[in-house]
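The structure appears below as structure tokens.
Reckoned from all heavy atoms, side chains included, excluding hydrogens, waters and symmetry mates. Remember, predicted model here, so these are calculated numbers, not experimental data. A, B, ... follow the sequence lines: proteins, then strands. Residue 1 opens every chain.
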2 protein chains.
Amino acid sequence: MNIMDETSGKEASATRGAYMSLRDMILTGALPAGEKLKIEQLRKLLDTGASPVREALSLLTSDMLVERIDQRGFRAAPASTENFAEILKLRCVLEDMALRQSIASATPEWEENLVLAHHRMKQLTGAASFEDAHKLFHMALLANSSSPMLERFCSQLYDLNIRYRNLASSGRNYQKRDITAEHEEILACAVRRDADATSTALLSHYRLTGAYLTSQLVNL
Amino acid sequence: MNIMDETSGKEASATRGAYMSLRDMILTGALPAGEKLKIEQLRKLLDTGASPVREALSLLTSDMLVERIDQRGFRAAPASTENFAEILKLRCVLEDMALRQSIASATPEWEENLVLAHHRMKQLTGAASFEDAHKLFHMALLANSSSPMLERFCSQLYDLNIRYRNLASSGRNYQKRDITAEHEEILACAVRRDADATSTALLSHYRLTGAYLTSQLVNL
DNA sequence: AAGTCAATAAATATCGATATTTTTCTAGCG
DNA sequence: CGCTAGAAAAATATCGATATTTATTGACTT
């Protein structure tokens with residue numbers, strides 16, 4: 001479902017609030033992979049009714065963050081190195097596709113939004129807000145693909161990837177890569193409308209992160 | 001979510017019943033694309049409570065058959081030629097990928113299940129049961145990809161395609177293609193483990209159908 | 001007339017209470 | 001002792017009623 005992009009804050013429905021909270025808790029690992037998600041328990045935790053919780057969980061099913069088994073409730077989607085490998089592979093294929101379509105029909109607005117997203121990302125240092133900006137930058141790359149479903153898949157997979165990043169980051173979070181430079185490179189290639197180069201840079205960015213994360217995921 | 005594969009019949013939960021019925025109604029066009037789906041109305045139609053209906057609709061969101069707008073209910077996913085084109089394109093990419101992975105690690109069981117699925121499909125003539133067998137055959141091709149998410153995507157897209165097939169079939173359903181022969185060809189190539197040939201045959205099968213359907217979809 | 005605002009109607013969202021189903025526990029049996 | 005049947009506990013699923021929100025209508029201004 002992915003509501004993240006709505007005008008933030010505001011008074012939203014209880015379901016939406018529950019959806020956002022639960023989504024966040026699963027992505028950050030506050031609700032561990034595979035964990036049974038009991039309605040009553042979550043209801044108290046989020047201080048809301050059972051209906052919103054239940055509906056939020058149903059919705060999270062779309063994002064592959066929650067599994068539902070008829071008549072026996074919900075659980076946080078399990079995590080495994082195989083699953084992570086699958087996500088990485090799919091992301092590479094789908095983002096490559098979306099990226100190329102985006103560049104193929106590039107427009108000034110697309111380019112400007114991309115530059116803007118990159119700029120905003122550079123400004124932000126606080127972990128939480130950087131995460132959001134980082135996603136926005138990556139989605140801005142794909143935003144011109146004229147393929148809403150494809151973008152939705154990419155967005156879903158992006159989130160699933162973040163989840164693994166969080167699951168892995170229990171160990172020391174040291175990486176000797178220069179992420180900032182990688183982003184600059186991606187942006188530069190995109191602005192110059194070089195699909196091959198952008199794709200190479202982007203996939204390399206993902207694969208390097210993927211390899212690193214895989215090495216940290218021994219405990220799965 | 002896609003529960004279709006569960007052991008059929010049986011006493012299921014009300015939610016599951018509603019899910020199946022609504023899914024069917026959307027796929028067949030009984031609930032037209034874009035239509036507002038009012039809880040009360042469906043509740044009476046399915047003779048069940050509001051909660052199961054609501055939950056079923058939330059679940060159908062995963063399958064991209066229903067859209068949900070916070071605080072103003074649900075509607076059947078809209079249909080358009082653009083959307084259909086998108087589905088076709090994604091199917092070709094994803095099924096190609098799944099198929100190749102399937103063949104790359106082919107096993108006797110996979111092959112046997114495939115042959116079986118094909119045989120069953122040939123037996124069946126009744127429209128409804130043929131549809132099911134047809135899907136099972138196509139999914140059997142991909143069943144060995146070792147990539148559950150990929151298979152899920154393919155399954156979803158397959159269903160969305162069926163929906164367009166039904167939307168299009170208002171016109172006379174005449175096609176001068178020999179579908180049976182196309183299936184034989186796909187099966188033969190797969191059994192001989194020729195990934196390139198199978199992929200070519202499969203994608204051609206899809207693209208031919210796609211072109212035909214597109215021509216019928218003028219009224220969208 | 002076009003536009004606005006309030007009142008009404010309709011629909012959605014949510015709650016609290018039960019009915020059902022699954023899981024856990026335990027005592028009796030082989 | 002391990003196993004199974006059945007009771008008790010826990011959790012899920014569902015209902016019916018109500019609170020909120022959105023959509024509609026129509027009178028009133030300019």
Closest of dT14(C), dT12(C), dC15(C) to the Ile39(B) side chain is dT12(C)

Taking Ser155(B) for the side chain and Glu151(B) for the main chain, is one N or O donor matched with an acceptor at less than 3.5 Å?
no

Using a heavy-atom cut-off of 4.0 Å across all strands, would you classify Leu37(B) as base, sugar-phosphate, or nothing?
sugar-phosphate

As a test of reading the structure: which of dT14(D), dT22(D), dC15(C) is closest to the side chain of Gln71(B), going by heavy atoms?
dT22(D)

Of the nucleotides dT14(C), dA11(C), dC15(D), which one has an atom closest to the side chain of Thr15(A)?
dT14(C)

For the residue pair Phe153(A) and Leu90(A), establish whether any side-chain heavy-atom pair is separated by less than 4.5 Å.
no

Salt bridge or not for Asp70(B) and Arg72(B), using N-O below 4.0 Å?
no

Neighbour count >12 (heavy atoms, 6.0 Å) for atom NZ, Lys122(B):
no

Euclidean distance, atom CZ of residue Arg16(A) to atom P of dT22(D) [Å, nearest integer]
12 Å

Looking only at side-chain atoms of Arg72(B), point me to the closest of dT14(D), dA23(D), dT12(D).
dA23(D)

Can you tell me which nucleotide in dT12(D), dT22(C), dT12(C) comes closest to the side chain of Lys36(B)?
dT12(C)

Mind calculating the distance between CG (Leu59(B)) and P (dT12(D)) to the nearest angstrom?
16 Å

Name the closest nucleotide to the Pro52(B) side chain, picking from dT22(C), dC15(D), dA11(C).
dC15(D)

